[in-house]
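Have a look at the structure below, then the notes.
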Amino acid sequence: MTNNGVLVDIKHLSKLFPMGAGMFQRSKVFVHAVSDVSLRIRQGESVGLVGESGCGKTTTGKLLTRLLDPTAGSIDFQTKDGPVDIATLRGKAMKRFRRRVQMIFQDPYESLNPRLTINDTVAEPLNVQGIGSLVEREDRVVQLLESVGLTPAHSFLFRYPHELSGGQRQRVAIARALVVNPNFVVADEPTSMLDVSVRTSVMQLMGKLADEFNVTYLYITHDIAVARYMSDRLAVMYLGKIVELGDTEEVLHHPLHPYTKALLSAVPVPDPLHKRNPVVIKGQVSKPVNPLPRCRFYERCPLADKFCETHDHPPLEDHGSGHYVACYHV
Amino acid sequence: MSMTDNILEVKNLTMHYKTRKGPVYAVDDVSFVVRRGESIGLVGESGCGKTSIALSLMKLLPDNAEIKAGEIHINGVDIVPLSERALRDIRWKQISMVFQAAMNSLNPVYTVEDQIKEAMHYHLPRMSDEEMNSKIDNLFRMAGLDPAMKSQYPHQYSGGMRQRAVVAMALSCDPNIVIADEPTTALDVIVQDGLLKKMRELQRQLNMSMIYISHDIAVIAEVSERVGVMYAGKMVEFSTTVNIFHHPMHPYTMALMSAFPSIVGEKTELVVLPGEPPDLLDPPPGCRFHPRCPYATSICKEKEPEFREYEEGHFVACWHPGGEQA
Amino acid sequence: MASATIQPVRVTRSALWRMRLELFWRGLKTNWALFSENPIGLIGLGIILFFGLLAILHPILMHTVWSPNIYDPVSGFDMQVPISPSPPSLRHLLGTDPLGRDVLSQLMYSTRYEFGLGILSAVITVVIATTVGAFSAYYGGIIDMFFMRLADLVIMVPLIPILIVLAAFNPVGMIELGVVIGLLSGFGGTTIVIKSQGLAVKVKPYIEAARIAGGGDFHIIFSHMVPNLMPLSLLYMMFVVTGAIFSEAVLSFFGLTQIKMSWGLMINTTQVFGYLLRFDTWYLLIPASLAITLLCAAFYFVGRALDEVVNPRLRQR
């Protein structure tokens, strides 16, 4: 991979949360929510980040949008004037930077302020950033509402979130994210609260807008079937580590990491005649609290042996055509 | 079909909620049959009435809900007119339920054992303490839990274990029918896989009837032998799982199938179903699906289609089943 | 700005403020619909309106039918009444007090000040509690600790005794009293309630969305947290009014306030002249104490009804 066309370059990103720290004492116990994650996201592509709850995918999303400050590592974001490390931005520079990275949240019922009208919600980034005149802002809001399929737009402007359905609210949330013309959007489970028939149209809308607004997505989800349709590449996370990364279809059809294999064979298939492979891993997800210096998947892995026990977590290595796996036994 | 075969018969069930704005017909004229030892899936989007059916079957209705019409025969007895006292002999012993959120159906201040015992004391007052203890141990083993964990509190369980404990609780009085309302929605796929396997295994082992309720058609495809598809308070299609998935006849079922992503097979284009489910305070006249239906004609707007058996064991409520033009 | 291919819709711009007013009105109507379903709330509102009417009527009566010399609540004296206190008569509907002043006039005159006191202390409470609560919840840490310990301290010190001590040093008037009560309940229990609600609001995704939009701390606190805390603040306003009126009555009863006339003072006068425990002079005691009870209860009732409007969980359905 060259640096060409890379929009977000995540290097050795880590986030530790202290446990049981009081006002006057420092914690010695940490949850390694995200641990040494490196990932390059290219301009215009859509990367799916999948994993079970507690694997650190949402934390990664919050680090990329600087809702959380990373413990270590850098996030280089490509701009006209060369790469900028998101992790070190402060004050005015941070505020300006907010125009380039936006986020779509999981729960459309909670991500819109119930006391603000749709107009106020969508216009908020413009107002805070001081973009355009009042007239221009209003035109922009109307334009965005039309783009996300809330038509006629002016009939939505002065309604409150509780007057809209779940699908319509998520469209408003998408409009708010895109109103400042961002380059990069982190979508955290944007369709998991929606019904099947509504979900498809929101998925399609996001795909359409990606082209129209030239947006790069990081699509965070636990639903691998949805990720298949929303992402060009797939990254599988387990306990704060990316264990497998590659083209979506490649990962789905030829999973290499034992965890990915287990995860994929556990996904129910909407076809009663289809027979899934049995899930072979044991136990359940633990919390990465001060993890031992060995493969995070060691306790549950069917392939684990002495080598895995005595060596550090395996590095994420290329196994041909951009299919990266972190496992000693591939 | 003989009476003994059908452990549960629902006939023309109509249930509504009284609200500030008027009655909401959450379940409207729904009929279906569950055979002994069979697992049924009820699938539909939020607000389609699937949970309301479950609550009606358990007669655990909220204060503002009322069964307006219809019959629910469990082992041949209509439970609709029964008193709360008479229901005590039926609830848990003949029909029990695994609720959506295990966290909410377990009381955090009692141990899991105490909670199962309480239900058993109430429904099986003659059982001795030793019997009860060995029964609970047995239930825990059946649900795939360590019996040593029974004296722990719900918060000490993981999400998957909690849901297994709720399953154990539902089986405590040896019911013939168990309703599982979104039993795995809050769980991760690997845990979900384990729980669904366990439940299928138990169902076969105990020859129980199961009613799975879910919005996730992939889960329904895996666990049920026959499937009912609900839309806006109506049962629109009911048939074998293979029929529903490979030969759907109602346009809504057809749309659901083509809108649902899968990780296996060719990556086919997902089809968008336009619009949103109707407001049940003011459902559209005629067929409730007609505003979103690609095959709708004038009759769909005027007359409600009958829930009819078009092929052997394949019930559909549609004027144009399979999308054919009349 | 990006492509302007879509025709801008200019319907709304001309009347932005009118739209907002309309929205406000619509919100008010829905809330009224909810409120009006609660009989207790309506009774409370009725009582408040009744007292409001009394307050408004007093100056009108003083300027028309009531001669100030006779009916002035503080310095009035009726020469035609030989012995004071005198029982209710046509001239003095609720009789006269031991100093020969008209009881009804005193009652009506005081009403306005009771309202003033209640509203002043409630407004101070709400402004302080909402701001402090929002800041504490949002920033946490040292700020939160300081204000919460302060709140604990204020709660620990009982309101009425501390008011008595304060008044003993320097007798207080209505305004001072309102400010003190407002400060004490603003930094006390109300703050804790508002802050805990603030904690629930703080973790909502729309707060994160506002941060991602580029909003600073002040923007988030005042545009997102405070509007979501206001309904609760409003509710506590009602309870503060009740507390303020009651406290004033107690202090005045002990004669610790520098207030010309109030319901508490009316009872105080009764007590000072030794008529407190006599049935035959009921007209000295009952009107004022009934007024205190009713108005306190009324604000409390309205608060409870508002509670149901604000917290949908409490609604019947």
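So you know, we letter chains A, B, ... as the sequences are listed, proteins then strands, and number each from 1. Only this structure's heavy atoms are used, side chains among them; waters, hydrogens and symmetry mates stay out.
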- Query: Run the side-chain contact (heavy atoms from CB on, under 4.5 Å) check on A/H274 and B/E222 step by step: do they pass?
  - Reply: CA-CA 9 Å; A/H274 179 84; B/E222 299 226 333; 5.9 Å; no
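- Minimum heavy-atom separation, A/D271 to B/A221: N-CB, 3.8 Å.
- The neighbour count for B/E312 CD, taken as heavy atoms of other residues, nucleotides or ligands under 6.0 Å away, does not exceed 12.
- For a residue to count as touching a neighbouring chain, one of its non-hydrogen atoms must lie under 4.5 Å from one of that chain's; by this rule B/M161 touches chain A with the side chain only.
- Options B/D188, B/V272, B/D193 differ in how many heavy-atom pairs under 4.5 Å they form with chain A, and the most are formed by B/D188.
- For chain B, the option among A/G54, A/S165, A/G51 with the highest count of heavy-atom pairs below 4.5 Å is A/S165.
- Heavy-atom pairs under 4.5 Å with chain B were tallied for A/V198, A/L264, A/L252, A/L273; the largest tally goes to A/L273.
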- Message: Walk me through whether B/F260 and A/R199 qualify under side-chain contact (heavy atoms from CB on, under 4.5 Å).
- Response: CA-CA 9 Å; B/F260 207 87; A/R199 183 172 75 185; 3.7 Å; yes
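- In this structure a side-chain-to-backbone donor-acceptor pair under 3.5 Å is missing from A/Y229 to B/K267.
- Contact annotation for B/T241: both backbone and side-chain heavy atoms come within less than 4.5 Å of a heavy atom of chain A.
- Taking 4.5 Å as the limit, some side-chain heavy atom of A/M203 sits within range of a side-chain heavy atom of B/L270.
- Neither the backbone nor the side chain of B/S258 comes within less than 4.5 Å of any heavy atom of chain A.
- Pairing each heavy atom of A/G167 with each of B/E276, the nearest pair is CA-OE2, 4.2 Å.
- With a 4.5 angstrom heavy-atom cutoff, B/A255 does not touch chain A via any of its atoms.
- In this structure, A/D195 contributes its side chain and B/E45 its backbone to no donor-acceptor pair below 3.5 Å.
- Residue contact with chain B, scored on non-hydrogen atoms closer than 4.5 Å, involves the side chain of A/E249 exclusively.
- For the options B/L256, B/L196, B/V242, heavy-atom pairs under 4.5 Å to chain A are most numerous at B/V242.
- B/E266 touches chain A through its backbone: at least one of N, CA, C or O sits under 4.5 Å from a heavy atom, while the side chain does not.
- We find the OG-CG distance between A/S201 and B/L273 to be 8.5 Å, quoted to the nearest 0.5 Å.
- With chain B as the partner, the residue from A/P270, A/A266, A/A225 showing the most heavy-atom pairs under 4.5 Å is A/P270.
- Atom NZ of B/K150 has more than 12 neighbouring heavy atoms from other residues, nucleotides or ligands inside a 6.0 Å radius.
- When only modelled atom types and interatomic distance are considered, A/R228 and B/S262 share no side-chain donor-acceptor pair under 3.5 Å.
- Contacts of B/V271 with chain A are made by backbone atoms alone, with heavy-atom separations under 4.5 Å and no side-chain atom involved.
- The two residues A/R300 and B/I190 have their closest heavy-atom pair at NH2-CG2, 4.0 Å.
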- Message: Between B/R292 and A/S197, is the side-chain contact (heavy atoms from CB on, under 4.5 Å) condition met? List the steps.
- Response: CA-CA 11 Å; B/R292 304 174 76 187; A/S197 72; 2.9 Å; yes
